[in-house]
Number of protein chains: 2
Amino acid sequence: MVHIYDYPRPAVTVDCVVFGLDQTHYLQVLLIQRRLPPFKGQWALPGGFVRPNEALEEAARRELQEETDVTGLCLEQLQTYGQPDRDPRGHTVTVAFYALGNLWDYHIKAATDAKEARWWPMKHLPELAFDHGLIVQDAISTLRITIRHKPIGFELLPTKFTLTQLQRLYEIVLARPFDKRNFRKKLLKLDILISLDEKETNVPHRAAQLYQFDRTKYMERQKTGFNFDL
Amino acid sequence: MVHIYDYPRPAVTVDCVVFGLDQTHYLQVLLIQRRLPPFKGQWALPGGFVRPNEALEEAARRELQEETDVTGLCLEQLQTYGQPDRDPRGHTVTVAFYALGNLWDYHIKAATDAKEARWWPMKHLPELAFDHGLIVQDAISTLRITIRHKPIGFELLPTKFTLTQLQRLYEIVLARPFDKRNFRKKLLKLDILISLDEKETNVPHRAAQLYQFDRTKYMERQKTGFNFDL
DNA sequence: ACAAAAGTGTTGAGGGTACACCCATGG
DNA sequence: CCATGGGTGTACCCTCAACACTTTTGT
């Protein structure tokens with residue numbers, strides 16, 4: 001009987017594109033600096049080899065923690081890249097994931113930089129190892145499409161946020177302005193935001209109402225034929 | 001120096017979900033019957049192992065031709081499946097693709113059935129090998145979303161088609177009725193259909209105008225910020 | 001008092017949906 | 001002449017886009 005282990009096989013890796021937002025109004029990407037060749041010293045996406053009998057998302061989550069100490073993100077599969085020449089060591093297939101993190105939570109860890117990991121602004125990325133530049137481009141395209149149809153944008157914000165923060169987020173990711181009144185009308189009409197009994201603090205102007213994303217209500221609503229769409 | 005070939009690796013395969021339409025008004029899927037264990041005799045998606053230094057889409061195209069003699073389709077990557085227990089032979093990662101073919105063109109080959117390959121109606125699929133049932137479900141979900149945003153539906157029809165055929169296609173895939181007048185208005189307004197100087201023949205009623213998809217015009221239009229959206 | 005952002009309604013245009021009848025062709 | 005699908009226009013509604021001033025708060 002022919003056994004599949006009789007054949008030579010490509011190596012299988014996972015890579016993670018983690019996006020984040022901060023007060024600078026730029027979209028950021030989490031990168032690590034490579035310690036080993038190939039591309040030693042260059043910046044790259046966190047990722048690595050899939051272990052025997054390890055699921056893909058599990059591998060992505062493990063590598064992300066090992067290399068950047070970031071955990072608890074919601075990972076979505078992006079695409080799989082298998083050009084035979086994409087890794088100088090030999091035929092390597094990589095399954096790419098993307099995720100959104102809020103820099104408010106991860107700010108300190110990224111700043112610590114203990115593992116040569118840090119956030120880079122999308123606009124000024126260094127040259128990346130392998131085909132990671134391409135992967136990041138694909139990830140941002142997918143993010144732009146998905147954020148308009150699914151309420152994933154909230155992952156980029158702290159749990160409690162203001163409508164203005166939410167609007168900025170969409171403006172940054174989609175790189176286009178929104179009308180304040182129309183934006184608020186639309187979002188509030190969707191009825192998936194919980195209006196909290198709290199306001200912003202420590203701001204040198206009128207304090208804004210804080211909101212929270214109502215995941216439960218969204219799930220219900222979605223089942224009964226309902227579209228996010230922004 | 002550590003070499004990547006020192007580590008054990010999962011096997012890498014590709015699988016293809018090919019959809020087709022015929023006059024029966026059901027969406028069809030192209031399946032093959034397995035000649036070898038595991039799942040010997042069961043129906044499965046066409047696909048197989050990626051060869052050394054072979055690109056993923058190239059592998060998918062090759063396997064599709066080898067197993068079903070179907071060529072020339074536009075393949076789109078769907079998702080990658082890597083649950084370690086999805087193949088009883090051992091850890092196997094499969095990259096799934098989907099494609100649309102028009103049964104008018106492939107009708108004869110499929111009927112020939114020389115390779116135990118044939119079309120099955122989506123509504124009455126046999127039990128599939130591996131996790132191929134899940135993959136088909138994911139493919140149909142993706143198809144339903146994509147067909148509303150990109151003009152891929154035309155791939156399911158012959159080059160020359162009538163507006164009624166096009167409407168049926170959308171009704172079948174999206175499983176909901178469209179209003180005839182509104183559908184025609186919308187499609188014609190998009191201005192990506194070439195109205196041919198030909199009509200249907202051999203029909204027991206008034207002959208319908210034939211149209212053709214204008215790929216070139218669509219490409220141009222798309223660059224200047226234009227959305228398909230149905 | 002002033003600076004800075006929060007908050008709030010109306011109008012007009014365009015697109016979507018609902019809807020019914022006559023026309024051409026083959027049998 | 002009959003059965004079958006082909007082809008066409010209008011009216012209403014609702015959603016989206018444009019647009020400016022008052023309110024609150026901290027300094």
Side-chain angles (χ1 to χ4, degrees), chain A residues 21-25 147-149 157-158 160-172 174-212 221 225-230, chain B residues 21-25 104 147-149 157-158 160-172 174-212 221 224-230:
Chain A
L21 264 195
D22 66 1
Q23 294 83 346
T24 65
H25 296 187
I147 207 172
R148 294 187 47 203
H149 302 299
L157 292 177
K160 302 171 178 181
F161 52 85
T162 69
L163 289 180
T164 302
Q165 284 177 312
L166 189 60
Q167 180 177 345
R168 290 252 172 75
L169 183 165
Y170 277 92
E171 290 177 337
I172 292 168
L174 299 178
R176 97 176 133 90
F178 283 86
D179 177 84
K180 183 162 56 152
R181 282 175 284 194
N182 294 335
F183 183 86
R184 294 161 103 89
K185 246 182 294 173
K186 203 161 180 178
L187 262 291
L188 290 175
K189 178 138 44 125
L190 288 176
D191 192 28
I192 49 171
L193 293 185
I194 302 171
S195 168
L196 300 172
D197 280 337
E198 280 178 79
K199 303 210 165 190
E200 259 181 330
T201 51
N202 293 334
V203 285
H205 52 75
R206 178 171 174 179
Q209 178 65 238
L210 286 172
Y211 292 87
Q212 199 174 327
R221 196 71 46 87
F226 154 85
N227 254 4
F228 186 72
D229 276 338
L230 219 136
Chain B
L21 264 195
D22 66 2
Q23 294 83 347
T24 64
H25 296 187
W104 283 270
I147 206 172
R148 294 188 47 203
H149 301 299
L157 293 177
K160 301 171 179 180
F161 52 85
T162 70
L163 289 181
T164 301
Q165 285 177 311
L166 190 60
Q167 181 177 342
R168 289 250 173 75
L169 183 165
Y170 276 92
E171 288 177 337
I172 292 169
L174 299 178
R176 98 175 132 90
F178 283 86
D179 177 84
K180 184 162 55 154
R181 281 175 285 193
N182 295 336
F183 184 86
R184 294 161 103 89
K185 244 182 297 173
K186 202 160 177 178
L187 262 289
L188 291 175
K189 178 138 45 122
L190 287 177
D191 192 30
I192 49 171
L193 294 184
I194 302 170
S195 169
L196 300 172
D197 280 337
E198 282 178 77
K199 302 211 166 190
E200 258 181 332
T201 50
N202 294 334
V203 285
H205 53 75
R206 178 173 174 180
Q209 178 65 239
L210 285 171
Y211 292 87
Q212 198 175 328
R221 196 72 46 88
T224 65
F226 154 85
N227 255 3
F228 187 70
D229 276 336
L230 220 133

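All values below were derived from every heavy atom in this structure, side-chain atoms included, with hydrogens, water molecules and symmetry-related copies excluded. Naming: A, B, ... by sequence-line order, numbering from 1 per chain. On a predicted model such as this, the values are computed, not experimentally measured, just so you know.
Looking at B:Ile147 and B:Leu230, their side chains never come closer than 4.5 Å, going by heavy atoms from C-beta outward. Counting heavy atoms from C-beta on, the side chains of B:Leu187 and B:Phe183 come closer than 4.5 Å. A:Glu171 is not listed as a side-chain neighbour of A:Arg176, based on a closest heavy-atom distance of 4.5 Å or more. In this structure the side chain of B:Asp229 reaches within 4.5 angstrom of the side chain of B:His149, judged on heavy atoms.
Expressed to the nearest 0.5 Å, how far CD of A:Glu198 lies from CD of A:Gln212 amounts to 9.0 Å.
Distance B:Arg176 CZ to C:dG16 C1': 12 Å, rounded to the nearest Å. Between B:Phe183 atom CZ and D:dG7 atom P the separation is 13 Å, expressed in whole Å. A straight line from CZ of B:Arg184 to P of D:dG6 spans 7 Å, rounded to a whole angstrom. One atom, CD of A:Glu200, and another, P of D:dT23, lie 20 Å apart when rounded to the nearest Å. When the C1' atom of D:dG6 is taken as reference, atom CG of B:Leu210 falls 12 Å away, rounded to whole Å. In this structure, A:Lys189 places its NZ atom 7 Å from C1' of D:dT15, rounding to the nearest Å. In this structure, CG of B:Leu166 is placed 16 Å from C1' of D:dG5, rounded to the nearest angstrom. Taking atom CD of residue B:Gln165 and atom C1' of nucleotide D:dG7, one finds them 16 Å apart after rounding to whole Å.
Among the nucleotides C:dA4, C:dA24, C:dA18, the one closest to any side-chain atom of B:Asn182 is C:dA18. Which of D:dT10, C:dA6, D:dA17 sits closest to the side chain of A:Lys185 comes down to D:dA17. For B:Pro204, whose side chain is taken as the heavy atoms from C-beta onward, the closest listed nucleotide among C:dG16, D:dG6, C:dG26 is C:dG26. Checked against D:dG7, C:dC19, C:dT17, the side chain of B:Arg181 finds its nearest nucleotide in C:dC19.
Along DNA chain C, the nucleotide nearest to B:His205 and the one nearest to A:Lys180 differ in position, and the one closer to the 5' end is contacted by A:Lys180. Remark on DNA chain D: of its neighbouring residues A:Lys186 and A:Asp179, the 5'-side contact belongs to A:Lys186, judged by nearest-heavy-atom nucleotide.
Looking at heavy-atom distances under 4.0 Å, B:Thr164 makes contact with sugar-phosphate atoms alone, never a base. Contact annotation for B:Gln209: backbone-only contact, meaning every heavy-atom pair under 4.0 Å involves sugar-phosphate atoms and none involves a base.
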